[in-house]
2 protein chains.
Amino acid sequence: MKKKSTRPPSRKPRADALRNRERILEIAKEAFTRSGANISLDDVAKQAGVGAGTLYRHFPTRDALLEAVYRTEVAKLAEAERKFAETMPPVEALRAWMLLFVDYIAAKQIIAPALNTLVGGPSKLFESSGAQIKGAIHALVSRAIKSGEIRPDLDPLDLLRALVGVSNVASGPDWAQSARRLVQILILGSRPAS
Amino acid sequence: MKKKSTRPPSRKPRADALRNRERILEIAKEAFTRSGANISLDDVAKQAGVGAGTLYRHFPTRDALLEAVYRTEVAKLAEAERKFAETMPPVEALRAWMLLFVDYIAAKQIIAPALNTLVGGPSKLFESSGAQIKGAIHALVSRAIKSGEIRPDLDPLDLLRALVGVSNVASGPDWAQSARRLVQILILGSRPAS
DNA sequence: AAATAAAACGGAGAGTGTCTCCGTAAAAAT
DNA sequence: ATTTTTACGGAGACACTCTCCGTTTTATTT
């Protein structure tokens, strides 16, 4: 038997399909970053040189496209978690990651609305990305709890929620400052009762 | 001279105009609360029994309508601030108001996106409402600072930003719990350095 | 109580975005 | 080379936004 283990023979995926998919992602990322999440998808399709049908076949909903676009960004966040955890003391790692998170999200206004459904809503979108992010902050918080510098009953998701909030609002002139201050407040507020 | 002091005579406002305005607000509030901020405005007009033109004449943009709808809610928040400040110790007043805020906003998913532009964006919408809210939290924080239970360099707007975040995310099954925990964290994190 | 003027109405319709359907074209398998 | 499977793409049905302007209603004047 020469075919791979995975069930039915299933032929080789078409080359143009893959090309189109990549091209759409590329254009979409650019457009999202430039003009926010409400751009016209038909426009994106046009710019990518494909028909609307093609776009919608690859990404049935706007959210699906958003998630696909930001999958790599999410991956980077997850990776940063590992690096910080290795090279910094627990609380500092947590702080650094939180700041990075805000930075990342704020830099691209885009994701915020979508992120809401991630941390909160019953929506099943962002399943995998969500898991990665949740995993990262969970790990960081766990470590900080073990070190005794964070209250043991802290729910990591609470922090995440607050961060999403900060990011959502990240636009005013001093958002960077504000974000820094808020992260500080959150960390201080998460220490064990004195 | 029989005319009022305010400049040009200006005739009495038309009765139907006022009636329509009220009716639109009523329907819009209901619709927003039921289905979020993205409902069709033409539908609202239809339900209110007026033409689209009428709706848009009264409220040129979606945001204008949103603000008008929630002006009263905002007023209630401002009022609550006064009551809490009179009847509770500083920090408790602050906590109570923060929880009320989350509650209010979360109960109507609606405002959240609009609120973002309030706390953050350069948008000039929500001018008056924004001022009221900012005034309220400013007063509460000031009092708590004077009492020595809150760090003097705390920016009230930072708290507000975090609250908006929490509200944005308020949807999961345990949002009420989460909100409570977060408010607690924020307050703890805002105490003077030990 | 008309007549007049001002203000508001309302809905048709132009412009734009979403998303589907299906005849056509391209790629893989044979 | 032929067949079969997969994907393409854009026309078009539907929805929403917002404006324009002829008509109607209301307030004022006589």
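All values below were derived from every heavy atom in this structure, side-chain atoms included, with hydrogens, water molecules and symmetry-related copies excluded. Every chain is numbered from 1 and lettered A, B, ... according to where its sequence line falls, protein lines coming before strand lines.
With contacts defined as side-chain heavy-atom distances shorter than 4.5 Å, the pair M88(B)/L140(B) does not qualify. Considering only heavy atoms from C-beta on, I150(B) stays 4.5 Å or farther from P192(B) through its side chain. Contact check for R14(B) versus L18(B): no side-chain heavy atoms found under the 4.5 Å cut-off. Within the 4.5 Å cutoff, the side chain of L65(A) has heavy atoms near those of the I24(A) side chain.
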Protein and nucleotides 28-30 of chain D: nitrogen or oxygen contacts under 3.5 angstrom:
residue, atom, partner, partner atom, Å
dT28(D), OP1, K12(B), N, 3.0

(request) Could you go through the side chain to side chain contact (heavy atoms under 4.5 Å, CB included) check for L94(A) and F84(A) one step at a time? (result) CA-CA 8 Å; L94(A) 179 59; F84(A) 290 173; over 6 Å; no
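Checking G49(A) against D43(B), the closest nucleotide of DNA chain D that is more toward the 5' end is the one next to G49(A). DNA chain D is contacted by both A15(B) and A17(A); A17(A) maps to the nucleotide lying nearer its 5′ end (nearest heavy atom per residue).
Within the nucleic acid shown, R19(B) comes within 4.0 Å of sugar-phosphate atoms alone, with no base atom in reach, counting heavy atoms only.
Put simply, the side chain of R14(B) and the base of dT25(D) share a donor and an acceptor less than 3.5 Å apart. Within 3.5 Å, no donor on the side chain of D16(A) pairs with an acceptor on the base of dC8(D), nor the reverse.
Here dA26(C) presents its C1' atom at 15 Å from CG of L18(A), a figure rounded to the nearest Å. For R23(A) and dG9(D), the CZ to P distance is 12 Å, given to the nearest whole Å. Rounded to whole angstrom, the span from the CD1 atom of I24(A) across to the P atom of dA7(D) amounts to 13 Å. One can place CG of L41(B) at 16 Å from P of dA15(D), the figure rounded to the nearest angstrom. Look at CG on D42(B): it is 12 Å from P on dT19(D), rounded to the nearest Å. Rounded to a whole Å, the NZ atom of K46(B) is 11 Å from the C1' atom of dA12(C).
When the side-chain nitrogen and oxygen atoms of S40(A) are compared with OP1 and OP2 of dT16(C), none of them lie within a distance under 4.0 Å. Distances shown here put a side-chain N or O of N20(B) below 4.0 Å from the OP1 or OP2 atom of dC9(C).
No side-chain donor-acceptor contact under 3.5 Å links R71(B) and Q132(B).
Going from atom CD1 of I187(B) over to atom CG of L182(B) covers 11.0 Å, rounded to the nearest 0.5 Å.
Surrounding CZ of R143(A) are more than 12 heavy atoms belonging to other residues, nucleotides or ligands, all under 6.0 Å away.
For DNA chain D, the neighbouring residues in residues 52-60 of chain A, judged by any heavy atom under 4.0 Å, are A52(A), G53(A), T54(A), R57(A), H58(A).
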Please set out all donor-acceptor pairs under 3.5 angstrom arising from side-chain atoms of residues 39-59 of chain A, sequence neighbours excluded.
residue, atom, partner, partner atom, Å
S40(A), OG, D42(A), N, 3.3
S40(A), OG, D43(A), N, 3.1

